[in-house]
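Reading through the structure tokens given below for one structure.
Throughout, protein chains are lettered first and strands after them, A, B, ... in sequence-line order, and every chain is numbered starting at 1.
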Amino acid sequence: CGFKLRGPQRLDFATVHINTSELSELGASLRRLIATSGSTTVVDDPAQADARLQILADNRGREILSLTGAGKVREYQLTQILRFQLLDKGGKALIPPTTISASREFTFDDSQVLGKEQEETLLYNDMQQDLLQQLMRRLASVQRTD
Amino acid sequence: LAAGLQPLVVSPDLVRSPKAAASPASAPGAVTAGAPAAASRPVPAQAAPDVKPPAEGRAAQTQPAPASPPAQAEQARRRPAPEAAALPAGSTSVKALRILGARSIELVADGDAELQRDDMVLTADRVTYREPIDEAVAEGNVELRQGEDSIAGPKATMVVGESTGTFESPAYELTRQRQPNLTGEEVRTVSGRGQADLLRLEGENQYRLENATWSTCQASDPDWYIKARELDLDYDREVGTARNGSIVFMDVPILWMPWAEFPLTARRQSGLLPPTFGSSNKTGADLAVPYYWNIAPNYDATITPRFMSRRGVQIGGEFRYLGETYRGESRVEWMPKDRLAGEERTLASIQHEQRITPSLYGSLDLNSVSDDRYFEDLSSRIGVASRVNLLRQGQLVYRGSSWWNAVIRAQSYQTLNPDEESRNVAPYRRLPQILVKGQRPDLPGGLSASFSTEYVKFAHPDADRNKDEGTRFVAYPQLALPLAGAAWFVTPKAGLHYTSYDIDRSPLTATQRSSITRSAPIFSVDSGLFFEREATIFGGDYLQTLEPRLYYLRVPSRDQADIPNFDTSRFDVGFAQMFSENRFSGSDRIGDANDLTAALTTRFIDSGSGVERLRAMIGQRYYFSDQKVYLYNEDELRDAGRGTEVLLGLGGRISREFSLNSYLQYNTETSRTERANFNLRYQPDYAKVLNISYRYAPELRIAENLVGLEDVDVSGQWPLGRGWYGVGRVTHSLLENRVTEAIGGLEYNGGCWVFRVAVHRFAIERDDVSQSIYVQLELNDLAGIGSNPLNLLTRSVPGYGKINDSSADRVFGMD
């Protein structure tokens with residue numbers, strides 16, 4: 001059916017600078033993902049980097065999806081919105097500011113707020129992985145023109 | 001000296017047609033250079049016909065700029081005028097059909113006269129320029145242009161170098177950029193226009209007007225404007241001040257303002273915000289008059305007196321601050337006496353985040369209300385009215401390095417319990433909870449180690465009745481061996497989950513053990529493959545992926561029946577949850593497992609950009625052993641070898657206009673659909689969207705209770721023509737045969753203003769609803785007057801588009 005095993009996911013820049021701290025979960029995950037691409041290293045000095053990945057916004061939100069007849073929350077929808085851009089050494093946009101988002105739904109009950117808090121964490125982690133995978137695919141599709 | 005200067009005479013062939021400034025290069029000109037006040041300086045260029053500036057530059061320079069052309073609107077605030085290059089900086093040129101006079105006394109430029117310095121151009125029928133005092137007097141069709149700004153009137157006098165002077169009965173237009181809120185967002189410009197009896201220029205960026213109007217409307221006869229006896233426009237602070245003024249809408253004054261400041265570029269600033277008024281069945285007519293105080297760029301406050309016709313007067317205050325190492329927000333609401341409830345009602349809320357050292361963070365989140373029905377009675381916002389548990393938490397987070405961190409927190413909740421039936425059981429308090437977590441990915445041999453430890457002391461207000469209290473200690477070290485190539489991964493992982501409890505039993509369970517330890521090994525193998533192929537569908541080139549994933553989990557069974565439930569609930573069934581090590585979300589239960597989860601994902605990814613267009617997933621779990629560990633009752637348990645849920649998901653853009661998000665959970669053992677979610681969106685254009693959504697979960701349980709769910713939800717926004725838009729949403733619970741939420745609204749776009757009206761009704765109890773009306777008039781780039789339904793519509797109608805491109809958002813966080 002034409003499917004082949006995926007080839008190496010190389011990025012078209014040897015060094016990259018990331019503007020989020022490696023102490024943050026997002027920054028640490030990004031660094032791990034870039035490291036597994038094999039050919040690209042993350043550098044600390046933006047001036048040394050072939051490309052600069054800037055996370056412009058990372059917002060999380062929770063909206064009511066459905067209510068019980070008694071007006072209490074039965075389901076929530078969680079969303080995470082990641083906004084980023086990729087600049088080359090000269091500051092030219094390789095990827096202009098782009099927003100990607102993910103959402104997950106879960107049932108809620110006020111009497112289980114502690115357990116649901118942990119389920120929320122699990123879903124946010126899942127969304128973050130999802131968004132970072134999408135981000136990596138966009139980075140992989142960048143062809144530098146210089 | 002004056003006598004020595006030759007008067008200028010225009011040759012017949014240089015006469016231009018009055019309108020077309022087509023060949024200005026051939027017009028006679030006079031160029032004077034240097035500081036204009038220095039009258040005794042040498043005269044480099046005589047006001048003589050033979051002295052001509054470069055022809056090309058001149059041609060560009062006299063092109064009258066059309067009023068804010070769209071292409072130029074994107075450019076810099078004060079775009080350097082192209083003519084600046086043609087003339088030395090600071091020099092003045094005078095052109096006209098006829099130029100008379102002596103330059104050291106006065107030059108009279110008559111007929112299509114033009115005086116220019118740097119990027120400032122003054123044109124008139126006649127300009128008299130007195131060089132020694134740098135004064136220009138312009139008469140007849142006077143127009144002053146600078147960048148995109150223009151002021152036009154019959155007569156003006158100005159001192160050119162100081163940008164001071166007066167215009168008689170001018171029409172003006174001043175344009176400035178507004179800094180974007182988000183990096184990369186398009187820069188917007190805001191143009192203010194109007195007329196006045198008199199306009200005084202008081203230096204750069206300072207304008208003082210008498211009997212003046214100001215509006216962001218394009219038209220010469222604007223739909224709305226600010227009218228004021230005195231109007232100051234300060235473009236350094238970007239603030240307009242109106243004294244003895246009013247807002248006039250459709251020729252009717254709608255708001256009288258003895259004194260008001262307003263934003264010139266839709267930026268936040270101090271001042272009386274437009275009043276908020278609405279109406280709801282809980283409060284009656286509801287009027288709030290917020291005063292916004294922009295104390296400093298990083299501090300602000302809003303003080304809001306609010307009057308509710310059924311209840312009385314409330315005072316609200318909000319204070320926000322942002323520093324290099326901290327930020328926060330505090331809010332109080334106080335109602336000395338609620339006429340309906342007959343009591344004092346208050347709310348207090350503090351949020352604070354602080355970076356203490358680069359690796360130590362602290363935060364406080366404290367919320368409190370005076371009574372159980374506070375939000376239901378006093379808020380018409382669904383997200384607020386539905387609140388049951390108010391967090392009270394303080395925590396410290398220490399990030400030792402990139403591989404470990406520690407958290408200590410004290411947490412409790414205020415639980416609101418408006419109705420006895422609603423079983424709003426108070427959650428346990430964690431006083432304190434200490435967490436230490438770490439992960440080392442790059443150990444010798446490719447090993448990856450992680451650990452998580454937790455110590456909690458649980459307390460409960462009902463401890464003397466039916467709630468156990470106690471402490472719990474959890475340690476969970478794990479070791480994994482992640483192996484991966486470009487197209488595959490295998491991660492075997494083993495860990496030991498150790499827990500010990502010290503329990504203060506409640507009278508209800510006094511006979512049970514008070515000291516319990518539990519340890520369970522947890523073993524799993526996660527693995528996956530990545531295939532891909534080129535595919536041409538949706539009329540484009542796509543990369544289609546095929547990603548099978550297998551997850552095996554083995555956890556032996558441990559008897560946990562006498563362990564209290566402090567913080568544990570069952571996960572929903574879902575794609576994220578099916579790959580978790582524990583089917584319970586807390587540590588009070590470790591689910592026994594001997595099962596294999598298989599999932600297959602396929603994605604369509606745009607070959608050029610990497611954008612994911614569509615995703616389909618299927619997953620199922622197979623049980624090799626019978627489950628024994630449950631939280632509420634034995635119905636939860638799965639038997640070996642029997643059928644289980646199949647999960648199906650499909651989502652993405654299926655065509656240019658349609659997008660779909662669907663999820664199906666089907667139980668092969670009972671042959672029943674356990675859950676079906678289906679959302680279809682049709683969005684052919686901006687602000688033109690229809691959503692239909694169906695949510696079905698007949699066996700949905702909340703804790704041990706079967707609650708079920710079957711909702712149909714229709715929402716949309718649709719242009720009705722002539723600037724009108726309809727917007728609405730209806731959520732109907734088929735199970736309870738009740739509309740749980742309904743919104744209906746109309747919007748009208750009047751060009752430089754928008755009118756919105758929306759009615760919102762939602763269930764708050766079985767036999768009670770909250771119903772409110774929002775009415776808002778938004779004057780583009782100035783303010784919204786009334787109560788703003790925008791947040792409600794944005795949240796409730798997916799794909800909702802704001803019908804005017806305005807940036808009047810002076811107070812964020814309010815709706």
Which atoms of [X] approach chain A - backbone, side chain, both or neither, heavy atom under 4.5 Å:
X        : answer
B/Ser796 : neither
B/Ser693 : neither
B/Leu546 : both
B/Gln411 : side chain
B/Thr740 : both
B/Leu543 : neither
B/Arg675 : side chain
B/Tyr428 : both
B/Arg387 : neither
B/Arg615 : side chain
B/Glu532 : both
B/Asp711 : side chain
B/Arg430 : side chain

Quiz item: cation-pi between [X] and [Y], 6.0 Å / 45°:
X        : Y        : result
A/Arg60  : A/Tyr124 : yes
B/Arg613 : B/Phe604 : no
B/Arg533 : A/Phe3   : yes

message: Taking CZ in A/Arg62 as the centre, count heavy atoms belonging to other residues, nucleotides or ligands within less than 6.0 Å. Is the count above 12?
response: yes
Side chain, backbone, both or neither: which part of [X] has an atom under 4.5 Å from a heavy atom of chain B?
X        : answer
A/Asp130 : side chain
A/Glu75  : side chain
A/Ile100 : neither
A/Leu5   : both
A/Glu119 : both

- prompt: When rounded to the nearest 0.5 angstrom, what is the spacing between CD1 in A/Ile34 and CD1 in A/Ile18?
  reply: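 Taking CD1 in A/Ile34 and CD1 in A/Ile18, the distance rounds to 4.0 Å.
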Criterion side-chain contact (heavy atoms from CB on, under 4.5 Å) against B/Tyr694, the qualifying member of B/Val712, B/Asp713, B/Asn677: B/Val712
query: Charged N to carboxylate O below 4.0 Å: is that the case for A/Asp109 and B/Arg701?
result: no
task: Look at the aromatic rings of B/Phe489 and B/Phe530 and report parallel, tilted or perpendicular, splitting at 30° and 60°.
output: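 Geometry flag for B/Phe530 against B/Phe489: tilted rings.
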